*Asks:* 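Encoded as structure tokens, here's the structure I'll be asking about.
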Number of protein chains: 4
Amino acid sequence: MERNRSGENDEPRRRSPSGAAVMQERVTRAIERAVFREWAATGYAALSMEAVARRAGVGKAAIYRRWSSKLAMVSDVTTRVDLRLAGRVSGGSLKEELAQLLWQFRRLLRNPLVARILPDLHAEMPRNPELAAAIRSNVQINRRGRAEQMLRRAMARGELATDLDTDLALDMLGALIYWRMIVTHQVADDAYLDRLTELVLRALDARDQRTS
Amino acid sequence: MERNRSGENDEPRRRSPSGAAVMQERVTRAIERAVFREWAATGYAALSMEAVARRAGVGKAAIYRRWSSKLAMVSDVTTRVDLRLAGRVSGGSLKEELAQLLWQFRRLLRNPLVARILPDLHAEMPRNPELAAAIRSNVQINRRGRAEQMLRRAMARGELATDLDTDLALDMLGALIYWRMIVTHQVADDAYLDRLTELVLRALDARDQRTS
Amino acid sequence: MERNRSGENDEPRRRSPSGAAVMQERVTRAIERAVFREWAATGYAALSMEAVARRAGVGKAAIYRRWSSKLAMVSDVTTRVDLRLAGRVSGGSLKEELAQLLWQFRRLLRNPLVARILPDLHAEMPRNPELAAAIRSNVQINRRGRAEQMLRRAMARGELATDLDTDLALDMLGALIYWRMIVTHQVADDAYLDRLTELVLRALDARDQRTS
Amino acid sequence: MERNRSGENDEPRRRSPSGAAVMQERVTRAIERAVFREWAATGYAALSMEAVARRAGVGKAAIYRRWSSKLAMVSDVTTRVDLRLAGRVSGGSLKEELAQLLWQFRRLLRNPLVARILPDLHAEMPRNPELAAAIRSNVQINRRGRAEQMLRRAMARGELATDLDTDLALDMLGALIYWRMIVTHQVADDAYLDRLTELVLRALDARDQRTS
DNA sequence: TTCTAATCGAGACGGTACGTCCCGTCTTGCC
DNA sequence: GGCAAGACGGGACGTACCGTCTCGATTAGAA
């Protein structure tokens, strides 16, 4: 497992433009790029701050000035991926919206970086309350909020009972794909998602309003 | 993140019994215990052989004599734990058996060592094919097998349709509790398990045969 | 043979002065002191880099950054000590200068560090050409040179024959005290040095010029 | 620096002859042979008990049953060499006996094993009182005693003054050769020994009785 | 001749040190 | 004041020996 040697950094090192706080931004970008490259090359556990700094052509201090630890850096960088990969959910029926949600989630989990860092984050959470809080507020609530809105819209349309067990319903939307892809590492192809959609609708006792 | 200091090992160090080749067995046990405790405390990536040796009151060589690497040690030791914690499932109806299964799974995940080790394991699997294979064959298949037998018994009793989507059904049995307890760290109290039981039965389109 | 335990280092660890690149110099000094202390306590063969680092309150890397091996460190550090301990020799007569030389040498050998390090050095020399060369050029030639000048001055004054066997004479000046103090570990008190002075003068066939 | 591998021992391993306490003797011999071979191959510092045991085809316990440490083993084995190399001193005159003594000493110090282990012993003595006592009683007193008898014979013959400073005289006999060969590593050829003989006689104020 | 005690080779035991790498912090001098 | 560079103390890596201890087999001398 060969690492970078001195001078093998990927950044062009043009200091001259001499703008202002432009440099800091450039440094940040260079670090982010380096994190992704190193991560892909070595995996999370073997990802060393030294290698990231070397690859980015940056001092270690510049990294620690921005993030307090490898995990913090990595989870922050990851968050950007998450947001970029998330999309809007809208459609005429619960079934359509549900399918969009599941497909989006699958797309997210198919991103190799996400698939590798998510379990790391979940594993670290019980050992690291601050991280846990950050993840919960930034990622889960966000995602859960969007799913909840979808359910509420379906209730408003009469597709779902208004006394639905929302809590449990929301768990179902994330749990099965995560379990399938991250925990048991089985395939989750289109057919599986179709079957899963039907299962969820059945479990939620959904009624199709359009055909009535 | 506090580690052991010199002399803080957990083993009583009684050499005197002096029986036979008992010592080697005792050393092995001490190492296994230490692996679990260290793992729970620091996580897989930060699990150091030195800390394990220190905690077990053992020389590093004694560990390397048994396993060639951290991975080998960890995947060997891991395969022992699940079997010990698993129980039997039997009862008159699908609902009863399902409840037993869910309660057992919750008991397993409430074990702090397991709760901390499992996500680490899943995080490590995609980076480590050998470990993944070991886990899959020793743990998951075993557990999935027991759940599948439960479903088959219910089919035989007429509680489930014989064309049931078993694959998806099995996912449901593990996914939600795991998601709830390990991924999102929400509470999974008795009421939640009750609601979950009902949800699963509804999703599987189960029919209660006793009342007919 | 007790070694240092954690925290028992001899250095006060005051980082605050914060002057300039003073730190590197301070670290170097601390290592040198530690080398001498450890050497005297355990001998060259048992001198471990870890013990030196511990005693100096320094990381091992700080040592290896300065010297590539134990030998390099030791032979470099050694060459500094002799010069500091040497003194001037001057006086009206050969007898007086000779006495000064012997007393100086005794003072050197009475330094416990020197008394323990010198024989180690001589023991190591035949096994280690580089060390031998370093010692020879830095220490022995220096010392021998000063003694030779003393003899030449005595010749100029007519106290010694000009065809004196200088080689042998120089051996005599060092050999007996070393043998007495280092090899056989007998006492070398003032009376002994007086008797030795007379013996040397007799062996060299010296003539006192002042009384003529 | 290649060492022995398992099975590469030099001893034929014939247990069958089944004599009596013959085995212990055979083991002892095998160890001694192995010590010399290893020593020659690696030097004292790198001489490991494991390698000696391996080379001798013997368990480590068999060595430690005989000697308490590497140094004890080595100095014991060395002693046998010393005794074998020592000879008698006898002749008609002090000059002749003195020459014999010096030549014998040179022969001893020319033995590479002796030349390497003697300084090790002297270096270890101040750190190891037991070893010091053993060396002093077994080696030095022995040797010093033989030299003293030579001086007494010379006094009886009238070649030396009866009020001779014996202490100092004895030092001279050992000091210069040791200094020359072991400490400064200069050559000590026949011419040097001749000159040294003359120097000693002059220092002792010896009178040749045969020509008078 | 049988039994008991000692010794054998083998190798596991708890340790220490090796020289290297990386951690996260701190210092320096350039820009 | 942020930057890159890199030294700092620290700790873990996997290996080699240390000196001790345990093992079952072999050998010893006394009963």
Side-chain angles (χ1 to χ4, degrees), chain A residues 3 6 9 13 15-16 18 21 23-24 26-27 46 48-51 53-54 56-65 68-70, chain B residues 3 6 9 13 15 18-24 26-27 46-51 53-54 56-66 68-70, chain C residues 3 6 9 13 15 18-24 26-27 46-51 53-54 56-66 68-70, chain D residues 3 6 9 13 15-16 18-24 26-27 46-51 53-54 56-65 68-70:
Chain A
R3 306 291 176 68
S6 82
N9 71 71
R13 192 86 146 88
R15 271 277 195 71
S16 33
S18 87
M23 178 167 37
Q24 300 189 21
R26 186 162 56 235
V27 168
S48 92
M49 302 301 257
E50 307 248 4
R54 225 181 295 135
V58 140
K60 279 195 291 179
I63 300 180
Y64 284 105
R65 218 173 284 123
S68 66
S69 70
K70 181 167 91 169
Chain B
R3 305 293 174 68
S6 84
N9 71 69
R13 193 85 145 86
R15 270 277 193 75
S18 87
V22 170
M23 180 169 34
Q24 301 189 20
R26 185 163 54 236
V27 169
L47 198 170
S48 87
M49 303 302 255
E50 304 235 303
R54 225 180 295 133
V58 138
K60 277 195 291 180
I63 300 180
Y64 284 106
R65 224 175 276 124
R66 287 167 171 76
S68 65
S69 67
K70 182 167 90 168
Chain C
R3 305 294 175 68
S6 85
N9 70 70
R13 192 85 146 86
R15 270 281 193 71
S18 88
V22 171
M23 180 172 31
Q24 301 190 20
R26 185 164 54 238
V27 168
L47 197 169
S48 86
M49 303 302 257
E50 304 234 295
R54 227 180 291 134
V58 139
K60 278 195 290 181
I63 300 181
Y64 285 105
R65 222 175 277 123
R66 288 169 170 75
S68 65
S69 68
K70 182 167 88 169
Chain D
R3 306 291 174 67
S6 82
N9 71 71
R13 194 81 147 89
R15 271 280 194 72
S16 32
S18 87
V22 170
M23 180 170 32
Q24 299 187 23
R26 186 162 56 233
V27 168
L47 197 169
S48 91
M49 303 301 255
E50 305 248 5
R54 228 180 291 135
V58 140
K60 279 194 290 178
I63 300 180
Y64 283 105
R65 219 175 282 122
S68 65
S69 69
K70 182 167 90 168

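Remember, predicted model here, so these are calculated numbers, not experimental data. Letters A, B, ... are given to chains in the order of the sequence lines, protein chains preceding strands, and every chain is numbered from 1.
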*Asks:* Check the phosphate of dA7(F) against R66(C), side-chain N and O only, distance under 4.0 Å to OP1 or OP2. Yes or no?
*Replies:*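 Result: no.
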
*Asks:* Given atom CZ of R65(C) and atom P of dG19(E), what is their separation to the nearest angstrom?
*Replies:*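 So the CZ-P distance, R65(C) to dG19(E), works out to 16 Å.
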
*Asks:* Counting only side-chain heavy atoms from C-beta out, which of dC13(E), dG9(E), dC8(F) sits nearest to V27(D)?
*Replies:* dG9(E)

*Asks:* Where each residue is assigned the nucleotide of DNA chain E containing its nearest heavy atom, which of Y64(C) and G59(B) is assigned the position nearer the 5′ end?
*Replies:* G59(B)

*Asks:* Would you mind telling me which residue lines up with the more 5' stretch of DNA chain F, K70(B) or A61(B), judged by nearest nucleotide?
*Replies:* K70(B)

*Asks:* Looking at K60(C) and dG9(F), is any side-chain donor or acceptor paired with a base atom of the opposite kind under 3.5 Å?
*Replies:* no

*Asks:* Only counting residues at least two apart or in another chain, list the ones meeting side chain to side chain contact (heavy atoms under 4.5 Å, CB included) with S68(A).
*Replies:* A72(A)

*Asks:* Are any of R54(A)'s side-chain N or O atoms less than 4.0 Å away from OP1 or OP2 of dC21(E)?
*Replies:* no

*Asks:* So, using salt bridge (Lys or Arg N to Asp or Glu O under 4.0 Å) as the criterion, who are the partners of K60(D) when residues are at least two apart?
*Replies:*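 In terms of salt bridge (Lys or Arg N to Asp or Glu O under 4.0 Å), with neighbours along the sequence ignored, K60(D) is linked to E50(D).
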
*Asks:* Counting side-chain heavy atoms from CB outward, which of dA10(E), dC23(E), dC18(F) is closest to E50(A)?
*Replies:*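 Nearest to the side chain of E50(A) among the choices is dC23(E).
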
*Asks:* What's the CE-P distance between M49(B) and dG14(E), to the nearest Å?
*Replies:* 14 Å

*Asks:* Could you check how far CD1 of I63(C) sits from C1' of dA7(F), rounded to whole Å?
*Replies:* 14 Å

*Asks:* Measuring from the side chain of A62(B) (C-beta onward, heavy atoms only), which nucleotide among dC18(F), dC13(E), dG10(F) has the closest atom?
*Replies:* dC13(E)

*Asks:* What heavy-atom pair brings A53(B) and G59(B) nearest, and what distance separates the two atoms?
*Replies:*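 That closest heavy-atom pairing would be CB-C, 4.2 Å.
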
*Asks:* Compare every heavy atom of M49(C) with every heavy atom of I63(C), then report the nearest pair and how far apart it is.
*Replies:* CG2-CE, 3.7 Å

